[in-house]
Q: 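First, the structure itself, so that you have it in front of you.
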Amino acid sequence: MLITWWRQARRAAFVYVGPLLLIELIGRTYLGWGGLPWNSAQSTYQNDELLGYRPNPLFFGGDIRFNTLGFRADREYAAFAGPDTMRILAVGGSTTFGSGPSAQDAFPAKVEEVARQLSHPWEVINAGVIGYSSYQGLHF
């Protein structure tokens with residue numbers, strides 16, 4: 001009885017744990033060689049030593065666009081907002097970035113739209129990056 005149980009446990013370990021260990025080994029080897037080569041103009045993201053990755057400034061692909069600062073936007077922002085303009089920086093992960101294909105579908109654009117309808121001169125900057133944690137968002 002004990003021998004049968006031991007054989008089943010070994011088989012389960014080989015079938016389930018073995019592939020996971022192999023994937024972990026391949027992943028660590030891959031990252032040891034520098035990870036993804038996200039440094040070309042066609043890449044959505046670039047490698048970053050602190051954050052792991054960051055948006056590629058001026059990337060344009062389909063409906064995803066980043067401005068020169070790496071924010072999801074079709075426009076550039078001045079270094080300083082006007083004297084009557086309130087600027088809000090929306091930081092976060094995929095919920096801030098927006099799950100829709102258009103930047104106008106993300107909640108920062110919706111907040112700016114509502115503020116303009118109420119005649120408030122607000123700029124809401126979408127600094128969301130898909131997959132970012134709170135640590136990455138803080139340092140971005």
Q: Check Pro108 against Ala90 and note the closest heavy-atom contact, atom names and distance.
A: CG-CB, 3.6 Å
Q: Would the distance check show the side chain of Gln136 and the main-chain N or O of Leu51 forming a donor-acceptor pair, the cut-off being under 3.5 Å?
A: yes
Q: Which hydrophobic side chains are connected to Ile23, either touching it within the sub-4.5 Å cutoff or through other members that do?
A: none
Q: Report yes if some heavy atom in the side chain of Val129 is under 4.5 Å from a heavy atom in the side chain of Phe66; otherwise report no.
A: no
Q: Is the shortest heavy-atom distance from the side chain of Tyr77 to the side chain of Asn67 under 4.5 Å?
A: yes
Q: Find the distance between CZ (Arg116) and CD (Glu112) and round it off to the nearest 0.5 Å.
A: 4.0 Å
Q: What distance do Tyr135 atom OH and Leu50 atom CG have between them, rounded to the nearest 0.5 Å?
A: 4.0 Å
Q: Linking Ile, Leu, Val, Met, Phe, Trp and Tyr by side-chain heavy atoms under 4.5 Å, what else ends up with Val111?
A: Met86, Ile88, Phe107, Trp122, Val124
Q: Please answer whether the main-chain N or O of Thr85 pairs with a side-chain N or O of Glu123 as donor and acceptor at a distance below 3.5 Å.
A: no
Q: Going through the checks in order, is the side-chain contact (heavy atoms from CB on, under 4.5 Å) test met by Phe97 and Ile64?
A: CA-CA 10 Å; Phe97 183 84; Ile64 297 177; 4.0 Å; yes
Q: Do other residues, nucleotides or ligands put more than 12 heavy atoms under 6.0 Å from the CZ atom of Arg10?
A: yes
Q: Kindly determine whether Tyr53 and Ile130 satisfy side-chain contact (heavy atoms from CB on, under 4.5 Å), including the steps that lead there.
A: CA-CA 10 Å; Tyr53 63 97; Ile130 294 174; 5.6 Å; no
Q: List the atom of Arg87, the atom of Ala79, and the distance in Å for their closest heavy-atom pair.
A: NH1-O, 3.7 Å
Q: Any side-chain heavy atom of Asn126 sitting closer than 4.5 Å to one from Thr96?
A: yes
Q: According to ring-ring contact (aromatic ring centres under 6.0 Å, His included), who are the partners of Phe80, at least two apart in sequence or on a separate chain?
A: none
Q: Side chains of Arg54 and Tyr132, heavy atoms from C-beta outward: is any pair under 4.5 Å?
A: yes
